[in-house]
There are 2 protein chains.
Amino acid sequence: MTVPKTAADAAKVSRPVAGQDLDASSDDGLLHLGELSGLLGYSLKRAQLKVFEDFLRCVAPLQLTPAQFSVLLLLDQNPGRNQTEIASTLGILRPNFVAMLDALESRELCARMRSASDRRSHILVLTDKGRAVLARAKKLVANKHEARLIELLGPENHAALLEMLAKIAREF
Amino acid sequence: MTVPKTAADAAKVSRPVAGQDLDASSDDGLLHLGELSGLLGYSLKRAQLKVFEDFLRCVAPLQLTPAQFSVLLLLDQNPGRNQTEIASTLGILRPNFVAMLDALESRELCARMRSASDRRSHILVLTDKGRAVLARAKKLVANKHEARLIELLGPENHAALLEMLAKIAREF
DNA sequence: CGACGTTTGATATAATCAATAACAATTATC
DNA sequence: GATAATTGTTATTGATTATATCAAACGTCG
């Protein structure tokens, strides 16, 4: 019997009756994740979604996405760089970075300046407003977002987690 | 001077000359990630992309995405469930799950069966082919994908990482 | 029974994100 | 100076995620 002839058959042979459960199901309506919980990619994805969700909530007053925040941070710490350099560092493809910059520039958070030495490239600079927004965003992220994560995991676990994730991103 | 008048000015004041660097930049062409490396969401995302990329490579002979693999796994361990139950467990919205199932069903990896007790719902079952593909996929994932991860991190670190990610997904 | 609200799978559609090809302007190489 | 390579940009495609809506089927309650 490859596929049961009727759905009743399928349900019959497949779902153990309560009391016959041998695993941790405990029939609370939740499904068995089974080997899924041991799959790193799965947990990684679910955790990432949760973290991004919380990031958006915490920084909502400034209307910044994680990607936009990372751009502002990078611009602040790497002045004098062009679009290709910033985009590739963040793993953003150059074509997709154009619209991102347009959005930030239209909000006057950063500006493109033609380079004097290479007139093809645009040097990216934070505006004063951009620096101010970044400063406020950093505070929100540190005090609301990361603080909650550190509280949940404990400081040393949080540090160990960061270290392992960085290692995966770097060496895997 | 909010925004430098010329890009030369911007580059001049902003980029420290080699030898004046006070941080870990060491002018190797790489940009300073700075506080970005301390941002959990950022490392999480980068690591997740790497892991998914490797997953796709390892399971390429079976042409399965991580999402498809998770569906097959869940079907195997939760027989007799309908689309809504499987989709919501995986965080997939019901409308988006339809096309996903169409693809799996067209490859004869699973089948929809009308339930006898509730003729609205479709009971999802793995076909024999689906079970065979899943078994082969599990081996590839365990021997090629997860094995490399465990080797990189060490078994106890790998377990600790899984635990923390699950905690974030669950409680954050 | 019959009206009403709910659930299930499905469709259509929009928004976002990611990826490739191609182009003009400019620079580098030989 | 001819040719190749780089930079920012546009256009376009595909994948992913999200919302609204629908018909069929179920449940409840009068």
Side-chain angles (χ1 to χ4, degrees), chain A residues 7-8 11 29 31 41-42 44-46 48-53 55-56 63-71 75 80-106 110-125, chain B residues 7-8 11 29 41-42 44-46 48-50 52-53 55-56 63-71 75 80-106 110-125:
Chain A
L31 275 65
Y42 178 76
L44 217 34
K45 177 91 187 244
R46 299 301 292 249
Q48 185 255 318
L49 289 175
K50 280 273 195 172
V51 169
F52 269 42
E53 198 181 306
F55 183 100
L56 282 172
Q63 285 287 90
L64 283 183
T65 67
Q68 291 173 325
F69 178 73
S70 69
V71 170
L75 290 190
R81 299 295 190 163
N82 64 26
Q83 298 184 196
T84 296
E85 292 171 317
I86 297 295
S88 85
T89 299
L90 292 174
I92 303 172
L93 293 173
R94 279 65 71 195
N96 297 332
F97 194 49
V98 174
M100 251 193 98
L101 269 187
D102 289 347
L104 292 175
E105 203 173 16
S106 75
C110 69
R112 297 180 233 230
M113 316 198 45
R114 297 231 83 105
S115 163
S117 58
D118 183 344
R119 289 176 21 210
R120 291 170 301 182
S121 64
H122 290 164
I123 300 303
L124 299 179
V125 293
Chain B
Y42 178 75
L44 218 34
K45 177 90 188 244
R46 298 302 290 252
Q48 184 256 318
L49 289 176
K50 281 273 196 173
F52 269 43
E53 197 181 307
F55 183 99
L56 283 173
Q63 285 287 90
L64 284 182
T65 67
Q68 291 173 324
F69 177 73
S70 69
V71 170
L75 290 190
R81 300 295 190 162
N82 64 24
Q83 300 185 194
T84 297
E85 293 170 316
I86 298 294
S88 84
T89 299
L90 292 175
I92 302 173
L93 293 174
R94 278 66 70 194
N96 298 333
F97 194 49
V98 174
M100 253 193 95
L101 268 187
D102 289 348
L104 292 176
E105 203 174 15
S106 75
C110 70
R112 299 178 231 228
M113 316 197 48
R114 298 230 80 105
S115 163
S117 59
D118 183 346
R119 287 175 25 209
R120 293 170 299 181
S121 62
H122 290 164
I123 301 302
L124 299 180
V125 293

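In what follows, every chain begins at residue 1, and chains take the letters A, B, ... in the order their sequences are listed.
Atom CE of A/M113 is separated from atom P of D/dG8 by 14 Å (rounded to the nearest Å). In this structure, the CG atom of B/L90 is 15 Å from the C1' atom of D/dT16, given to the nearest Å. Distance B/I86 CD1 to C/dG9 P: 10 Å, rounded to the nearest Å. Counting to the nearest Å, the C1' atom of C/dA10 and the CG atom of B/L93 are 14 Å from each other. One can place CD of A/Q83 at 9 Å from C1' of D/dT9, the figure rounded to the nearest angstrom. Rounded to whole Å, atom C1' of C/dA21 lies 13 Å from atom CG of A/N96. Atom pair A/R114:CZ and C/dT27:P shows a separation of 9 Å (rounding to whole Å applied). Atom-to-atom, CG of B/N82 to P of C/dT6 comes out at 19 Å; the value is rounded to the nearest Å.
Using a 4.5 Å heavy-atom cutoff, the side chains of A/E85 and A/N82 are in contact. In this structure, A/R94 and A/Q83 have side chains that are not in contact, with every pair of non-hydrogen atoms separated by 4.5 Å or more. Two residues are said to be in side-chain contact when any heavy atoms from C-beta on lie closer than 4.5 Å; B/S121 and B/R114 fail this criterion.
In the set C/dT8, C/dA19, D/dG8, the nucleotide with an atom closest to the side chain of B/T84 is C/dT8. Side-chain proximity of A/R119 to C/dT20, D/dA18, C/dT27: nearest is C/dT27. Of all nucleotides listed (C/dA25, C/dA18, D/dA25), C/dA25 comes nearest to the side chain of A/R120.
The side chain of B/R94 contributes no N or O atom lying less than 4.0 Å from OP1 or OP2 of C/dG9. Within the structure, every side-chain polar atom (N or O) of B/K45 is placed at least 4.0 Å from both OP1 and OP2 of C/dC17. Dashed line: the shortest gap from a side-chain N or O of B/R81 to OP1 or OP2 of C/dT8 is not under 4.0 Å.
With A/R112 as the fixed residue, the side-chain contact (heavy atoms from CB on, under 4.5 Å) test singles out one of A/V125, A/I123, A/L124: A/L124.
A centroid separation of 6.0 Å or more is found between the aromatic rings of A/Y42 and B/F69.
Looking at B/D118, its side chain has no donor and acceptor atom pair within 3.5 Å of the base of D/dA25.
Nearer to the 5' terminus of DNA chain D, by closest-nucleotide assignment, is the contact made by A/S121 (compared with the other of B/S117 and A/S121).
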